[in-house]
Amino acid sequence: MEYNFHEIEKKWQKYWEDNKTFKTPDDLTNPKKCYILDMFPYPSGAGLHVGHPEGYTATDIYSRYKRMKGFNVLHPMGWDAFGLPAEQYAIQTGTHPSVTTNNNCDTFRRQIKELGLSYDWDREINTTDPKYFKWTQWIFLRLYNTWFDEGLQKGRPISELKVPDTIRQLGKNEIIKYIDSRRLAYYDNALVWWCPNCRIVCSNEEVLNDGTHEKCGNRVEKKNLKQWMLRIPLYAERLLTGFDKLEWPEGIKEMQRNWIGRSTGAEVDFSIDGLNEKLTVFTTRPDTLFGATYMVIAPEHQLTEVITTGDRKEDVEKYIKATLLKSDLDRTDLAKEKSGVFTGRYAVNPVNKKLIPIWVADYVLTGYGTGAIMAVPAHDTRDFEFAGKFSLPIACIQDPDVADTEQEKRILEGNECWTEDGKYINSSDPSTGIDINGLNKEAGIQKITKWLESRNLGKAKVNYKLRDWLFSRQRYWGEPFPVIHWEDGEITLLDEKELPLHLPVMEKYLPGETGESPLANADNWLNVTDNKGRKGRRETNTMPQWAGSCWYYLRFIDPKNDKMIFDPGQEKYWMPVDLYIGGAEHAVLHLLYSRFWHKVLYDLGIVSTDEPYQRLFNQGMILAFAYETESGMKIPADQVVEREGKHYHIENGSELRQIVAKMSKSLKNVVNPDDVTLKYGADSLRLYEMFMGPLDITKPWDDKGVKGVFGFLGRAFRFFSDPENIVRGEEDPEVLKGLHHVIKKVEGDIENLRFNTAISAMMIFLNLATKKGKVTGETAATFTKVLSPFAPHMAEELWHLQGNTKTLAYEQWPRYNEEFLKEDNFEYPVSFNGKMRFNILLPVSFTKEEVVNAVLADERAKKWLGSATPSNIIVVPNRIVNFVIKN
RNA sequence: GCCCGGAUGGUGGAAUGGUAGACACGCAGGACUUAAAAUCCUGUGACCAUAACGGUUGUGCGGGUUCAAGUCCCGCUCCGGGUACCA
């Protein structure tokens with residue numbers, strides 16, 4: 001029978017849909033459960049590209065396999081549908097973003113269904129649906145009403161926060177201020193990049209070197225905007241320790257650890273000469289205090305103005321202005337040439353009471369530590385560079401552990417920077433009573449930190465790179481904050497019962513010129529009056545796209561519940577997510593934010609697990625071939641012709657190099673899954689996506705490769721659908737061995753997400769079966785089951801042709817029998833000094849001695865051994881024989 | 001610069017420290033066909049050699065550990081991703 005994939009695929013997709021084959025079981029008594037999740041997509045107008053089906057196919061195979069293994073499987077799909085493109089389109093055309101979004105979702109849903117993925121479509125969710133974002137807003141209320149108890153390392157309801165009496169005495173305003181300062185969500189000014197042309201806040205990476213916006217080329221400016229922020233750094237420690245139990249790729253854990261950026265050190269207070277202020281610095285090297293010869297504060301530091309003396313004001317102000325104009329990248333670029341100005345003021349070094357000058361420089365950042373540093377040029381490369389440029393003193397306080405005496409001399413004289421370990425010198429002062437001379441780094445840090453703490457001059461301190469999360473956008477198409485700002489300055493949140501707060505319908509979606517969200521123009525929606533006549537305005541910022549994706553896995557558990565965020569019993573059954581697959585581009589942000597929310601919900605008793613995603617896997621990017629000339633000029637794929645495996649320019653005939661690059665319109669190398677499905681069918685697309693290589697690596701799409709798996713499916717179908725090939729009676733032992741081998745191999749490979757080798761094992765079996773020409777009906781049925789997670793349409797069709805009337809989706813996964821896998825003989829590779837020379841077939845039961853004797857009796861061994869006597873003979877049973885000959 | 005990942009035939013890739021190149025693409029030859037496509041069969045790392053057998057070499061580069069290294073260790077080169085002076 002010919003392999004008519006179009007007909008087969010249409011037929012079974014309809015069957016699955018009509019019969020709701022993949023509806024999640026309601027019976028929660030089955031102890032075997034598996035929650036398998038894809039990172040849900042943003043439904044762009046461009047439709048699916050071949051990168052999407054990679055992860056989706058992987059989870060689909062895993063889901064189908066787990067069902068056959070008797071698991072209750074939860075495998076849902078939905079849309080992360082808030083986002084800029086729909087809003088931009090609305091600005092241009094006036095079409096409401098929900099219309100665009102729904103159209104895009106329809107396209108995505110159709111395309112995904114055409115791939116035969118076994119989602120439970122009854123659980124589809126959409127982050128832009130008010131029934132969904134009602135609960136996103138609900139979580140925001142929780143964040144706002146939670147504080148972090150550092151002692152218990154746990155989030156707690158704000159009602160449990162004790163306000164100190166000293167604050168209480170200061171009155172209502174101070175109490176509110178205190179409470180607000182402890183909430184996980186707070187409202188504050190934040191300095192952000194603003195593009196006046198696009199009327200949008202830009203991220204650092206969107207701002208180019210020359211200070212222009214990468215999207216429009218216009219100059220951006222720094223703007224202070226009122227923003228919602230989330231105190232994620234409070235959870236830094238929990239986010240770090242949570243990794244321990246998780247089955248995540250080590251590299252991803254490492255990237256998140258680096259992002260959180262824990263560092264230990266000390267905070268040290270410096271008093272300021274002539275002012276009743278102190279300057280606190282964070283340092284990882286309190287041991288180098290004696291080497292601190294100047295200080296630097298960030299231009300944005302709140303004390304900069306106070307510290308600057310009259311005669312220096314002009315210079316400092318000029319410098320601050322210049323800094324504000326630079327993009328962050330610019331600031332770092334100029335870092336090669338460090339810049340800074342003297343404030344005219346001096347600080348007192350607490351260890352020796354020496355006066356050291358205070359400078360302002362943009363290499364010190366406000367966002368990290370305390371925004372001020374003590375500079376130790378002799379032992380910090382940045383400080384060394386800066387001191388060199390501005391002729392500041394360099395005091396070496398550590399005799400370096402270095403063998404090179406010339407280098408040692410340079411370091412001691414302050415002509416070279418030393419950041420490694422060594423023995424302290426010049427590090428004592430009788431007047432303050434501290435002496436660490438002779439100690440090494442570790443001991444020095446300990447001693448001086450203790451000394452600082454005993455004198456109340458500083459304390460040990462852990463610092464994180466992780467910063468507060470800027471959690472608002474000046475956009476229309478996002479979740480509205482359930483927040484009202486009253487005329488008297490009070491901020492209140494809507495009551496739970498008032499949710500969801502809908503987005504108003506508008507005619508114009510353009511943001512305001514001043515950085516205000518388009519919502520500021522929705523007068524009817526915006527202005528509110530309470531029952532006492534007090535006037536207020538709703539929050540006009542909306543939440544970032546992260547909000548919806550931070551918790552969607554929880555809603556899938558009980559997506560239609562309109563009474564609660566989800567049913568706790570069902571949550572307890574399904575959580576945590578057992579397998580989570582998505583692109584590595586979300587390695588840090590999405591996963592970190594999502595873990596943070598989850599931990600807050602856990603602390604509040606809303607979810608039952610501390611971590612959301614037990615096992616994580618990142619699929620690699622799919623690239624495509626592209627072509628370039630000898631000189632490296634890129635040639636669009638439609639201008640390239642292939643002859644005898646080589647590539648030539650269609651016009652001038654010059655030979656081109658095949659390279660691997662990202663798919664892009666300009667290179668004309670974008671692959672659309674619809675084209676592949678049309679030509680080869682969904683099963684072939686699925687199979688090729690998996691056969692290309694390991695799931696986690698970056699790999700190029702090759703249309704020719706699809707032909708390979710298409711050929712395999714065609715051969716398989718023709719062979720197993722032909723009654724002449726299916727016989728009764730005993731199975732051929734070789735076929736039986738092959739069959740049980742493939743069951744075992746595919747099973748192990750699916751568990752380890754190594755689908756490429758599973759497919760090649762199936763190819764090997766098919767090659768064997770076709771060579772034999774005949775298999776039993778039982779073998780055919782078993783192989784059909786093994787193939788079914790990979791090529792489900794074809795497998796259902798074969799299953800049907802084999803006389804079955806029900807779907808095979810819930811058939812039991814075949815069990816392999818080790819007995820059939822046993823070999824009688826093993827073909828030993830025999831090597832001499834590690835070089836393989838020949839093979840010899842011997843019974844597996846042979847002892848080492850028997851093996852050696854059998855090999856020595858072989859003519860070929862005599863040839864390689866010659867007259868020499870082996871000094872050693874290594875026999876690894878059923879693996880290798882190696883003769884060691886010394887010459 | 002730093003962090004993470006990678007480098008194996010013409011191509012994608014396979015290989016618990018134990019026969020490097022499974023499986024597939026491509027290519028070459030053959031069968032079928034008036035012909036092509038499709039399908040099927042055979043060969044295919046490179047080099048040397050042959051009537052045939054065979055041999056040498058080979059996993060980015062240089063060292064090392066080991067009876068044995070694509071795999072482990074040290075030092076590099078190049079490529080991809082992330083990040084931007086993190087005190």
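In what follows, chains are A, B, ... by sequence order, proteins preceding strands, each numbered from 1. Scope of the values below: all heavy atoms of this structure, side chains included, with no hydrogens, waters or symmetry mates.
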Seminar exercise, completed: By nearest-nucleotide position on RNA chain B, the 5'-leaning member of A:Ala761 and A:Tyr688 is A:Tyr688
Exercise. Looking only at side-chain N and O atoms, does A:Arg382 come under 4.0 Å of OP1 or OP2 in B:C86?
Worked result: yes
Problem set entry | A:Phe838 and A:Phe832 aromatic ring geometry - parallel, tilted or perpendicular at 30°/60° bounds | tilted
For this session: Find which nucleotide of RNA chain B each of A:Asn872 and A:Ile252 is nearest to by heavy atoms, and output the residue with the more 5' nucleotide.
Result: A:Ile252
Problem set entry | Nucleotide nearest A:Trp259 when distance is taken to its side chain, options B:U83, B:A15, B:C40 | B:U83
Problem set entry | Member of A:Met692, A:Arg686, A:Met690 meeting the side-chain contact (heavy atoms from CB on, under 4.5 Å) criterion with A:Phe755 | A:Met690
Seminar exercise, completed: Closest of B:C23, B:A20, B:A68 to the A:Met836 side chain is B:A20
For this session: Can you tell me the distance, in whole Å, between the CD atom of A:Glu250 and the P atom of B:G5?
Result: 9 Å
Exercise. Quick one: A:Ile445 CD1 to B:A87 P, roughly how many Å, whole number?
Worked result: 12 Å
Problem set entry | Check against side chain to side chain contact (heavy atoms under 4.5 Å, CB included), A:Phe270 and A:Leu289 | CA-CA 11 Å; A:Phe270 284 67; A:Leu289 262 166; 3.7 Å; yes
Exercise. B:A24 phosphate, OP1 or OP2: any side-chain N/O from A:Asn767 under 4.0 angstrom?
Worked result: yes
Exercise. What interatomic distance, in whole Å, is found between C1' of B:U8 and the corresponding atom of B:C3?
Worked result: 26 Å
Problem set entry | Whole-Å P distance, B:A68 and B:G81 | 40 Å
Exercise. A:Thr284 has a side chain; which of B:A14, B:A87, B:U39 sits nearest to it?
Worked result: B:A87
Exercise. Relative to the ring of A:Tyr3, is the ring of A:Phe710 parallel (under 30°), tilted (30 to 60°) or perpendicular (over 60°)?
Worked result: tilted
For this session: For B:C27 versus B:C76, give the span between their C1' atoms, rounded off to a whole number of Å.
Result: 37 Å
Exercise. Which nucleotide sits closest to the side chain of A:Ile874: B:G26, B:C67, B:C85?
Worked result: B:C67
Exercise. Roughly, in whole Å, what's the span from CD in A:Glu300 to P in B:C85?
Worked result: 12 Å
Exercise. Between B:U56 and A:Arg837, is there an OP1 or OP2 to side-chain N/O distance shorter than 4.0 Å?
Worked result: yes
Exercise. Any side-chain heavy-atom pair from A:Tyr294 and A:Phe390 closer than 4.5 angstrom?
Worked result: no
Exercise. What distance, rounded to whole Å, do you find between the two P atoms, one in B:C23 and one in B:G17?
Worked result: 22 Å
For this session: Using a strict 4.0 Å threshold on nitrogen-to-oxygen distance, state whether A:Glu237 and A:Arg262 make a salt bridge.
Result: yes
Exercise. Given the C1' atoms of B:A51 and B:G45, what is the spacing between them in whole Å?
Worked result: 25 Å
Exercise. Taking atom NZ of A:Lys707 and atom CG of A:Asp702, what is their separation to the nearest 0.5 Å?
Worked result: 10.5 Å
Problem set entry | Closest listed nucleotide, where the reference is the side chain of A:Ile373 and the choices are B:G18, B:C25, B:A87 | B:A87
Exercise. Counting distance only, does the side-chain N/O of A:Ser684 pair as donor-acceptor with the main-chain N or O of A:Val709 below 3.5 Å?
Worked result: no
For this session: Between B:G10 and B:C47, how far apart are the P atoms? Round to whole Å, please.
Result: 10 Å
Seminar exercise, completed: Stems field, RNA chain B, Watson-Crick or wobble, 3.5 Å, at least 3 pairs, by first number, holds B:1-7 with B:77-83, B:10-12 with B:23-25, B:26-31 with B:39-44, B:45-48 with B:54-57, B:60-64 with B:72-76
Exercise. Between A:Lys835 and B:G55, does any side-chain N or O lie under 4.0 Å from OP1 or OP2?
Worked result: no
Seminar exercise, completed: In whole angstroms, the gap separating C1' of B:A87 from OH of A:Tyr294 amounts to 11 Å
For this session: Look at A:Ser871 and B:C67 and indicate whether a side-chain polar atom (N or O) is within less than 4.0 Å of OP1 or OP2.
Result: no
For this session: Encode nucleotides 42-52 of chain B as B, S and - characters from 5' to 3', where the letter depends on protein heavy atoms closer than 4.0 Å: B to the base, S only to sugar-phosphate, - to neither.
Result: -----------
Exercise. A:Val876 has a side chain; which of B:A38, B:U19, B:G18 sits nearest to it?
Worked result: B:G18
Exercise. Does A:Arg860 put a side-chain nitrogen or oxygen below 4.0 Å from OP1 or OP2 of B:G54?
Worked result: no
For this session: Would you indicate which nucleotide in B:C86, B:C40, B:A15 comes nearest to any side-chain atom of A:Arg754?
Result: B:A15
Exercise. Expressed in angstrom and rounded to an integer, what is the separation of A:Leu591 atom CG from B:G82 atom C1'?
Worked result: 14 Å
Problem set entry | Within-4.5 Å side-chain heavy-atom neighbours: A:Met762 and A:Phe783 | yes
Problem set entry | Phosphate-side-chain proximity, A:Lys863 and B:G55, N/O vs OP1/OP2 below 4.0 Å | yes
For this session: In sequence, state the C-alpha distance, the side-chain angles, and the governing distance for A:Leu713 and A:Phe790, and then conclude on side chain to side chain contact (heavy atoms under 4.5 Å, CB included).
Result: CA-CA 11 Å; A:Leu713 287 178; A:Phe790 296 81; over 6 Å; no
Exercise. The side chain of A:Lys465 lies closest to which of these nucleotides: B:G13, B:C86, B:C25?
Worked result: B:C86
Problem set entry | Value in whole Å for how far the P atom of B:C53 lies from CD of A:Glu859 | 19 Å
For this session: Would you mind calling B:G6 syn or anti? Take O4'-C1'-N9-C4 for purines or O4'-C1'-N1-C2 for pyrimidines, and syn is within 90° of 0.
Result: anti
Exercise. Rounded to whole angstrom units, what separation is found between the CG atom of A:Asp696 and the P atom of B:G13?
Worked result: 11 Å
Problem set entry | Side-chain ion pair, A:Glu254 and A:Arg257, N-O less than 4.0 Å | yes
Problem set entry | Minimum-distance nucleotide (side-chain atoms of A:Val364 versus B:A87, B:C67, B:A24) | B:A87
Exercise. So does A:Asn756 get a side-chain nitrogen or oxygen closer than 4.0 Å to the phosphate oxygens (OP1/OP2) of B:A14?
Worked result: yes
Problem set entry | Nearest-0.5 Å distance that lies between atom CD1 in A:Ile445 and atom OG1 in A:Thr284 | 7.0 Å
For this session: Measure the distance from OH on A:Tyr363 to C1' on B:C85 and round it to the nearest whole Å.
Result: 9 Å
For this session: Can you tell me, in whole Å, how much space there is between the C1' of B:G80 and that of B:G60?
Result: 15 Å
Exercise. How far does the P atom of B:A24 sit from the matching atom of B:C61, given to the nearest Å?
Worked result: 29 Å
Problem set entry | Salt-bridge criterion met for A:Glu54 and A:Lys699 (N-O under 4.0 Å) | yes
